[in-house]
Amino acid sequence: MSLTPTEPINIIPRLKAETIASIVKKGVRLDGRKLDEFRELTIIPNYLPKAQGSALVKLGSTQVLVGVKLEVGTPYQDAPDEGVIIVSSEFVPMASPVFEPGPPDENSIELARVIDRSIRETHAIDLKKLAIIPGKKVWTVWIDIYVLDHGGNLMDASSIGTLAALMTTKVPKAEINENEEVIVDKATSIGPLPLNRKVATVTLGKISDVLIVDPDNEEESVLETKLTIAVTEDGLIAGIQKSGQSSITEEEAIKAAEIALQKGRELIDKVTQLVESSAETVKQENNNSAADSASNEASEGEGVEEGSGKNPEEDSGLEKDGGLGGSEVSLKSESKE
Amino acid sequence: MGGKGEKPKLIMEDGKRHDGRLPDELRPIKMEIGVLKNADGSAYVEFGKTRVVAAVYGPREAQPKHIASPYRAVLRCRYHMAPFSTDERKSPAPSRREIELSKVIREALEPVVMTEMFPRTSIDIFIEVISADGGTRTTSVTAASLALADAGIPMKDLVAAVAVGKADGVLVLDIDQVEDNYGEADMPVAAAPSLNEITLLQLNGVLSMNEFKEGLSLALKGIGEIYKIQKETLKNKYLQVEGE
């Protein structure tokens with residue numbers, strides 16, 4: 001059963017709540033952002049050594065880790081020659097004082113299903129290319145979203161993480177033996193996961209009848225309604241989810257979609273840039289220091305050790321940040337002034 | 001839900017839909033309230049082959065007590081599909097889909113229920129989909145809103161809902177299961193028409209900005225028609241009482 005939540009996600013002083021609610025009317029936010037501005041975004045692609053694709057995303061203080069695993073499975077009967085996508089999310093108890101251990105709650109299920117729909121409906125992954133033995137064996141793409149620190153707007157952080165992780169995903173080599181069994185060689189990849197299109201969500205919160213992009217958790221404890229809009233790189237609306245206790249008007253819905261289309265495309269560009277620039281860095285590192293081959297293997301084949309003191313990126317001039325570490329690339333919000 | 005198989009034609013040469021409706025035409029609608037004796041309020045709503053029963057209990061003491069709020073009534077909502085409601089038998093255990101829909105349906109009703117009048121209580125909404133042929137969440141919202149009114153719970157407005165879809169490139173109102181399965185988009189919308197407020201908005205599928213605008217306006221037009229039937233249904237019950 002779905003129950004009206006009575007515990008706020010984040011208890012903030014009434015004075016602060018009132019301030020947040022009143023200053024947005026003047027176009028100002030507590031952390032100095034513009035109404036349509038995302039928080040600083042950092043992505044560490046290929047964060048996990050044992051996943052086929054992964055990314056650690058930091059959006060402000062929100063941290064989300066997304067892992068993509070490819071496993072051999074059976075296709076759905078109604079799509080025998082297509083791979084299968086399964087999206088799950090875990091709101092682990094360490095991520096927030098209000099998260100409890102146990103099976104996923106409605107918020108977690110909603111998040112995973114909204115992300116799932118955004119990539120499924122846009123055919124973001126070319127599932128036709130994921131058949132191994134058509135009708136019998138296909139690749140199952142498991143996308144697991146792991147929320148590590150809840151700083152607000154888990155939806156967009158998860159969507160960014162999913163996009164980045166899918167962009168880094170490599171399809172392992174699979175061979176069919178004489179008994180029609182699939183033998184997987186996870187150490188060897190046959191290439192990147194085939195993607196048709198890039199999708200990202202943009203979440204807008206409504207506070208005092210003003211729409212704000214990427215609400216942090218203080219803003220989330222003030223706002224009553226959120227609208228998540230998934231957009232594609234080619235400018236289409238690929239999914240909508242209204243959530244929260246309150247309502248929106250028709251004009252607000254349209255305005256939100258317009259903002260989302262603009263911001264979403266910027267976001268997709270930025271994610272692409274962050275993922276690709278990091279891939280180039282890894283390549284360069286490999287060329288530069290052939291002697292230090294052990295550390296290079298760690299950053300490519302095996303991934304990057306968490307919190308490793310010595311990092312190949314340290315002298316590459318890239319900005320370093322707090323939180324979980326690794327080979328990390330970050331860009332300041334473009335629209336920041 | 002449902003298979004892909006061979007895609008049937010969704011829009012015929014004459015511009016009509018596979019079941020003979022015009023693009024902006026609703027399915028045949030039936031509504032009835034007070035259909036259950038035990039519940040404080042109840043409603044039965046039918047959109048074509050989609051049939052839903054909704055029941056409301058409360059405001060009553062919130063159980064377990066820790067869920068209660070000293071400021072307002074809490075809403076509890078369960079959307080559930082009967083095992084025989086679908087083509088293949090559906091397991092009665094709540095699926096992830098039903099958990100999500102229970103949430104969005106509750107959130108579609110929250111804005112209109114005057115919960116502040118009943119602190120420390122819960123208002124429980126139980127929805128059973130008896131027969132599913134597309135548009136079950138919107139039919140559920142429409143039925144639940146009637147059941148709340150039937151229970152005499154003060155509300156700012158009724159909520160009515162309908163889905164707009166895109167079938168063979170055409171925006172169509174009140175999609176059924178075939179149009180949902182083989183269409184390009186499904187956008188359920190719920191609104192409180194007198195308040196001018198949208199209380200549920202989802203989109204599953206891909207639309208351009210213009211299609212979204214047009215679709216939203218088409219949905220709100222359909223909602224206006226459904227809202228009228230809701231009000232008549234409520235009035236009729238009291239006319240009958242008067243007549244007795």
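Protein chains get the first letters and strands the later ones, always in sequence-line order, with residue 1 at the start of each. Computation of the quantities below employed the complete heavy-atom set of this structure, encompassing side-chain atoms and omitting hydrogens, waters and symmetry-equivalent molecules.
- Distance check: Leu203(B) CG to Thr228(A) OG1 gives 12.0 Å after rounding to the nearest 0.5 Å.
- Comparing Glu106(A), Glu110(A), Glu252(A) by how many heavy-atom pairs each has under 4.5 Å with chain B, the most go to Glu106(A).
- Annotation: Lys129(A), atom NZ; neighbour count of heavy atoms from other residues, nucleotides and ligands within 6.0 Å does not exceed 12.
- With a 4.5 Å cut-off on non-hydrogen atoms, Leu227(A) touches chain B through its side chain but not through its backbone.
- If you measure heavy-atom distances from Ser217(B) to chain A, the contacts under 4.5 Å come from both the backbone and the side chain.
- No part of Ala230(A) comes within reach of chain B, as not one of its non-hydrogen atoms sits under 4.5 angstrom from that chain.
- If you measure heavy-atom distances from Leu261(A) to chain B, the contacts under 4.5 Å come from the side chain alone.
- Around atom OH of Tyr146(A), no more than 12 heavy atoms belonging to other residues, nucleotides or ligands sit under 6.0 Å away.
- For Ile105(B), no part sits under 4.5 Å from any heavy atom of chain A, backbone or side chain.
- Residue Thr249(A) touches chain B through both its backbone and its side chain, counting heavy-atom pairs closer than 4.5 Å.
- For chain A, the option among Val189(B), Thr199(B), Asp186(B) with the highest count of heavy-atom pairs below 4.5 Å is Thr199(B).
- Each of Glu98(B), Arg106(B), Arg78(B), Glu100(B) was compared with Ser2(A) under the side chain to side chain contact (heavy atoms under 4.5 Å, CB included) criterion, and only Arg106(B) meets it.
- Considering only heavy-atom pairs separated by less than 4.5 Å from chain B, the leading option among Ile109(A), Asp105(A), Thr6(A) is Ile109(A).
- A 6.0 Å sphere centred on CZ of Arg14(A) holds no more than 12 heavy atoms belonging to other residues, nucleotides or ligands.
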Pair Leu236(A), Ser208(B) - check side chain to side chain contact (heavy atoms under 4.5 Å, CB included), show working.
CA-CA 5 Å; Leu236(A) 293 169; Ser208(B) 70; 3.9 Å; yes
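- Thr4(A) places a side-chain N or O within donor-acceptor distance of the main-chain N or O of Leu75(B), the cut-off being under 3.5 Å.
- The side-chain heavy atoms of Val104(B) and Gln241(A), taken from C-beta on, include a pair separated by under 4.5 Å.
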Side chain to side chain contact (heavy atoms under 4.5 Å, CB included) between Ile254(A) and Met209(B), intermediate numbers included
CA-CA 8 Å; Ile254(A) 291 167; Met209(B) 186 69 207; 3.7 Å; yes
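- Of the residues considered (Gly244(A), Ser246(A), Ala257(A), Ala253(A)), Gly244(A) shows the highest number of contacts with chain B, using heavy-atom pairs under 4.5 Å.
- The structure places CZ of Arg113(A) at 9.5 Å from CD1 of Ile99(B), a figure rounded to the nearest 0.5 Å.
- To the nearest 0.5 Å, the span separating CD1 on Ile248(A) from CG on Leu200(B) amounts to 10.0 Å.
- Chosen from Glu224(A), Arg120(A), Glu250(A), Gln77(A), the residue pairing most often with chain B at heavy-atom distances under 4.5 Å is Glu250(A).
- Both the backbone and the side chain of Glu258(A) come within contact range of chain B, judged by heavy atoms closer than 4.5 Å.
- The 12-atom threshold is not exceeded at NZ of Lys255(A), counting heavy atoms of other residues, nucleotides or ligands nearer than 6.0 Å.
- With a 4.5 Å cut-off on non-hydrogen atoms, Phe126(B) touches chain A through its side chain but not through its backbone.
- With a 4.5 angstrom heavy-atom cutoff, Asn204(B) touches chain A via backbone and side-chain atoms both.
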Worked check of side chain to side chain contact (heavy atoms under 4.5 Å, CB included) between Ile237(A) and Glu211(B)
CA-CA 9 Å; Ile237(A) 302 171; Glu211(B) 286 168 338; over 6 Å; no
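- Side-chain atoms of Lys103(B) never come within 3.5 Å of backbone atoms of Asn107(A) as a donor-acceptor pair (strictly under, hydrogens ignored).
- Counting heavy-atom pairs under 4.5 Å between each of Arg76(B), Glu107(B), Arg72(B) and chain A puts Glu107(B) at the top.
- Residue contact with chain A, scored on non-hydrogen atoms closer than 4.5 Å, involves the backbone and the side chain of Arg96(B) alike.
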